[in-house]
2 protein chains.
Amino acid sequence: MNTTKPRAAQAALPLNQILAGDCIEVMNSLPEGSVDLIFADPPYNLQLRGDLHRPDNSKVDAVDDHWDQFSSFASYDKFTHEWLAAARRILKPNGAIWVIGSYHNVFRMGAELQNQGFWILNDVVWRKSNPMPNFRGKRLTNAHETLIWASKNEGAKYTFNYEALKSLNEGVQMRSDWVIPICNGGERLKDENGDKAHPTQKPEALLHRVIVGTTNPGDVILDPFFGTGTTGAVAKMLGREFIGIEREEAYREVAKKRIAKIRKFDKEALEVSTSKRAEPRIPFGQLVERGMLRPGEELYSINGRNKAKVRADGTLIANDVKGSIHQVGAHLEGAPSCNGWTYWHFKREGKQVPIDLLRQQIRAELH
Amino acid sequence: MNTTKPRAAQAALPLNQILAGDCIEVMNSLPEGSVDLIFADPPYNLQLRGDLHRPDNSKVDAVDDHWDQFSSFASYDKFTHEWLAAARRILKPNGAIWVIGSYHNVFRMGAELQNQGFWILNDVVWRKSNPMPNFRGKRLTNAHETLIWASKNEGAKYTFNYEALKSLNEGVQMRSDWVIPICNGGERLKDENGDKAHPTQKPEALLHRVIVGTTNPGDVILDPFFGTGTTGAVAKMLGREFIGIEREEAYREVAKKRIAKIRKFDKEALEVSTSKRAEPRIPFGQLVERGMLRPGEELYSINGRNKAKVRADGTLIANDVKGSIHQVGAHLEGAPSCNGWTYWHFKREGKQVPIDLLRQQIRAELH
DNA sequence: CTCTTACATGAATCAAGGA
DNA sequence: TTCCTTGATTCATGTAAGA
């Protein structure tokens, strides 16, 4: 995956800073192809009509800030087109983007992502464990938001830490629906009056999963709608670099103080489970060269139905078939492919042992 | 809500029939403003590249039917524009529409709905309890599909049976995420060869919730992509009228036979019973993501003999052993297994607290 | 008959690296 | 660039087969 970074480009980047100004202008001032991941939580274009009151008559503090007002779908689409194009330009070829939204804006963002050539990898549902109820009982409780994860192009080698996410999910594949509480309690930032500092502060747990799953330590993560800096805070904890862009000075101030207090986790804690794919490749022939298996020795298939003989060049022979451990296994099984490492076993002290164990021994020596 | 029906218009409608032909043409032949609800499950425009095999080498039976092939986003958008416009015309002023899709097409459908003046009421996530895994470990398990519920216009008096859905949900408001298994077992229709009759048959439970929640008995429900007729079958059970449109004769035949066998529920049978769900599984990783435990923090064994450090992906590390809370505990104790939830403790205010307490906190939030 | 084990399968944009 | 080789990868159900 894309762990190497063009150091020259990174040196010019304003890392771990919060840049003031309009995100489109600021992104256009940054070097092309320089960012590993973009996380974007743009204005939702909520079309609220009038105030909303709870059954006890208290007023719901709605998102009615001026930055969330768009006069029409056309103006929202123009805005979306422009910031996504700016984001796309600064993304590395193997970089990726996450956007988050609700039904008010996410369909327009998703369509524009596709129109610009981004390649959707998953849509992810943030299922809120404690959503605000629908007080009037006129619709379903709006209990989720939608994230879209996309690579810059079809076929790009995006970063995906499969094993780390699997570990986060108690050993089974991470699914596209994530149950995470909304941000409140001690995590929710308040201003000097005790009011919430930002109306749509995202939970750190959400960013934790995004960053652990789709970046590597040292990667550069840019958030063009930084707000009170959840992306920066979690990036810092997890040993990633961040760039924030935020128009409102009040939010920048809150974010700056917040991030200054964050400590990076120690190195050991940041290591995550990796897949076998990341391990160095060991040719089967090495097992023969090293004398772990002798030429002429017989190997037995995992199902006990087949056997084959090891040859001095690290190929196998069974009946009339010669070839690699994978080729011979696939042929004998009549399968399109076969992982010879787990298919073939040798005998030691009467027991059958997979040859993969010998490969693991060699890899252990390399560490 | 709109329980009164213009009887004259309905008399002209081909009720409880499956109409053959292209759905756009057929809808254009129906009278304007005559349908209460449209449920549409259009082609998803999956852009599949090569074959996919499971780890056991069996081939995945992909959706590669001709009706799901579009040459470009532009041609898919044209198709979407036309069928939605035709659907809009035949909808009553207080009618509503449901569409279902995946990330391949749902963003384009959602944007087009908004462009045509439909008013989105909710987006609903169908969370599959048993989705197909991601066999190559390259992305998240695609474990959901998205539905959009929209009225014909802003301010329309759509039908919403709040209390019925609330009782379907054990007395609390129905949320926008619905957990429903995929359609298989006895419900899945097979052809004479035992193969599935339609590649994308939807579960009746999904339609049941849609129809109970957003129509009244006697309402007319039209499905322009009828397939094997799940919409018609559930509509008939629930005492609603249906109109199906389907291009493929084979599907029409299967649907016709299926619906003929359905009997309308009597009133008593319409009373729904819900079963208690098992306790939700909480992965240990959630405690880390939510900041209840910090990566790098130390955990202590219940007997005080061992300790381990928490990592960012929700695994533990002790000496050289890495793994889940259960694996590391079992290894340290030399035991075949270990319940990590009760074995490991963290320190708060000098006291040792079992990590299971944190799990209980999360479960309490979910209730 | 029950209980256990094996097998089948579902709307899927599902590989990486060296020659 | 293409071609070829290596080799990594699955969860929940329902049904059939076997004991």
Side-chain angles (χ1 to χ4, degrees), chain A residues 1 114 118-123 150-151 154-158 160 162-163 166 169-176 274-285 303 314-315 323-327 329-330 335-344 355-356 359, chain B residues 41-65 67-70 73 100-106 126 128-146 181-188 190 194-196 198-203 225 227 281:
Chain A
M1 306 263 168
Q114 292 178 312
F118 287 98
W119 194 247
I120 298 180
L121 299 167
N122 278 115
D123 61 335
S151 61
E154 183 183 359
K157 291 179 191 168
Y158 54 90
F160 181 55
Y162 174 75
E163 290 292 342
K166 194 171 168 179
N169 197 33
E170 199 118 295
V172 292
Q173 272 189 358
M174 185 67 81
R175 300 167 37 118
S176 58
T274 53
S275 74
K276 284 188 197 168
R277 249 187 219 106
E279 297 283 321
R281 199 177 69 85
I282 310 290
F284 175 72
N303 52 29
T315 56
S324 72
I325 51 173
H326 317 295
Q327 290 166 335
S337 70
C338 170
N339 183 348
W341 289 108
T342 51
Y343 181 74
W344 293 109
I355 59 173
D356 199 39
R359 182 172 66 161
Chain B
D41 180 15
Y44 285 12
N45 189 24
L46 297 186
Q47 295 152 46
L48 304 177
R49 301 303 188 224
D51 287 344
L52 179 64
H53 291 88
R54 298 187 180 79
D56 66 3
N57 269 328
S58 62
K59 186 162 171 282
V60 173
D61 182 19
V63 177
D64 52 4
D65 304 75
W67 47 255
D68 198 45
Q69 308 296 321
F70 291 84
F73 280 134
I100 180 167
S102 66
Y103 65 84
H104 309 84
N105 70 325
V106 77
W126 167 26
K128 303 179 184 183
S129 56
N130 50 348
M132 183 159 60
N134 185 296
F135 296 115
R136 306 299 292 264
K138 305 308 293 182
R139 303 183 180 184
L140 302 165
T141 305
N142 206 343
H144 74 276
E145 294 186 27
T146 302
I182 61 174
C183 179
N184 56 14
E187 188 185 323
R188 188 81 195 218
K190 303 285 169 63
D195 298 323
K196 55 193 177 193
H198 191 283
T200 70
Q201 187 184 339
K202 294 292 176 288
F225 307 97
R281 192 175 54 85

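In what follows, chains carry the letters A, B, and so on, assigned in the order in which the sequence lines appear, proteins first and then strands, with residues in each chain numbered from 1.
Counting any heavy atom pair closer than 4.0 Å across all strands shown, Asp41(B) reaches a base atom. Across all strands, Ser102(B) comes closer than 4.0 Å to no nucleic acid atom at all (heavy-atom distances). Residue contacts for Lys166(A): at a heavy-atom cut-off of 4.0 Å it reaches the sugar-phosphate backbone alone, with no base atom in range. Pro203(B) comes within 4.0 angstrom of no nucleic acid atom, judged by non-hydrogen atoms across all strands. Using a 4.0 Å heavy-atom criterion, one finds that Asp61(B) contacts the sugar-phosphate atoms exclusively. Residue Glu145(B) is classed as a base contact, given a heavy-atom separation below 4.0 Å to a base. Asp51(B) comes within 4.0 angstrom of a base, heavy atoms only. Nucleic acid contact for Ser324(A): sugar-phosphate only, since backbone atoms but no base atoms lie under 4.0 Å from a heavy atom of the residue. Within the nucleic acid shown, Asn142(B) comes within 4.0 Å of sugar-phosphate atoms alone, with no base atom in reach, counting heavy atoms only. Residue Ile120(A) is in base contact, counting any heavy-atom pair closer than 4.0 Å across all strands shown. Counting any heavy atom pair closer than 4.0 Å across all strands shown, Asn184(B) reaches sugar-phosphate atoms only and no base atom. Within 4.0 Å of Cys338(A), counting heavy atoms only, lies at least one base atom of the nucleic acid. Within 4.0 Å (heavy atoms only), Pro181(B) reaches no atom of the nucleic acid at all. Nucleic acid contact for Glu163(A): sugar-phosphate only, since backbone atoms but no base atoms lie under 4.0 Å from a heavy atom of the residue.
The phosphate of dC11(D) (OP1 or OP2) has no side-chain N or O of Lys128(B) nearer than 4.0 angstrom. For dA11(C), the OP1/OP2 oxygens have a side-chain nitrogen or oxygen of Arg188(B) closer than 4.0 Å. Checking the phosphate oxygens (OP1, OP2) of dA12(C), no side-chain nitrogen or oxygen of Lys138(B) falls inside 4.0 Å. For the pair His326(A) and dG7(D), the criterion of a side-chain N or O lying under 4.0 Å from OP1 or OP2 is met. Using a 4.0 Å cut-off, some side-chain N or O of Arg136(B) falls inside it from OP1 or OP2 of dA15(C). Considering only side-chain N and O atoms, Asn339(A) lies under 4.0 angstrom from the phosphate OP1 or OP2 of dA8(D). Contact annotation: Arg49(B) does not reach the phosphate of dC14(C) (side-chain N/O to OP1 or OP2, under 4.0 Å).
Straight-line distance from the NE2 atom of His53(B) to the C1' atom of dG7(D): 15 Å, rounded to whole Å. Note: CG (Asn134(B)) to C1' (dC11(D)) measures 12 Å, nearest angstrom. The CD-P distance, from Gln173(A) to dC11(D), rounds to 5 Å in whole Å. For the pair Asn130(B) CG and dT10(D) P, the interatomic distance rounds to 18 Å; values are reported in whole Å. Taking atom OH of residue Tyr162(A) and atom P of nucleotide dA15(C), one finds them 13 Å apart after rounding to whole Å. Per the geometry, CG belonging to Asp123(A) stands 16 Å off P belonging to dA11(C), to the nearest Å. Counting to the nearest Å, the C1' atom of dT6(D) and the CD1 atom of Ile355(A) are 13 Å from each other. The distance from atom CG of Asp56(B) to atom P of dC7(C) is 10 Å, rounded to the nearest whole Å.
Nearest nucleotide to the Lys157(A) side chain, out of dG10(C), dT13(C), dG17(C): dG17(C). The side chain of His104(B) lies closest to dT13(C), out of dG7(D), dA11(C), dT13(C). Comparing dC14(C), dC11(D), dT6(D) by their nearest atom to the side chain of Arg281(A) picks out dT6(D). Distance from the side chain of Met132(B) is smallest for dG10(C) among the nucleotides dA8(D), dG10(C), dC11(D). Taking every side-chain heavy atom of Lys276(A) into account, dT9(D) is the closest of dG17(C), dA11(C), dT9(D). Listed nucleotides: dG7(D), dT6(D), dT9(C). Nearest to the side chain of Ser58(B): dT9(C). Checked against dA11(C), dA12(D), dT6(D), the side chain of Leu46(B) finds its nearest nucleotide in dA11(C). Looking at the side chain of Pro133(B), the nearest of the listed nucleotides dT13(C), dG7(D), dT10(D) is dT10(D). Of the candidates dT13(C), dT13(D), dT9(D), the closest approach to any side-chain atom of Ser275(A) belongs to dT9(D).
Along DNA chain D, the nucleotide nearest Gly186(B) and the nucleotide nearest Arg175(A) are compared for position; the residue whose nucleotide lies closer to the 5' end is Arg175(A). Nearest-nucleotide mapping onto DNA chain C: of Cys183(B) and Tyr103(B), the residue sitting toward the 5' end is Cys183(B).
Centre separation under 5.5 Å together with a plane angle under 30° does not hold for the ring of Phe135(B) and the six-membered base ring of dC14(C), so they are not marked as stacked.
Side-chain N or O atoms of Asp68(B) include one that pairs as donor or acceptor with a backbone N or O of Leu46(B) at under 3.5 Å. Asp65(B) places no side-chain N or O within donor-acceptor distance of the main-chain N or O of Trp67(B), the cut-off being under 3.5 Å.
You'll find the side chain of Gln114(A) stays beyond 4.5 Å of the side chain of His104(B), heavy atoms only.
In dT4(C) the O4'-C1'-N dihedral to the base is more than 90° from 0, which defines an anti nucleotide.
Across the strands present, dT9(D) finds no partner; the criterion is a Watson-Crick or G-U wobble pair with both atom distances under 3.5 angstrom. In this structure, dA19(D) and dT2(C) make a Watson-Crick or G-U wobble pair, each of the two defining distances being under 3.5 angstrom.
Of all heavy-atom pairs spanning Trp126(B) and Pro181(B), the tightest one is CZ2-O, 3.8 Å.
Arg139(B) contributes a side-chain N or O that forms a donor-acceptor pair with the base of dT13(C) under 3.5 Å.
Donor-acceptor pairing under 3.5 Å is lacking for the side chains of Ser324(A) and His326(A).
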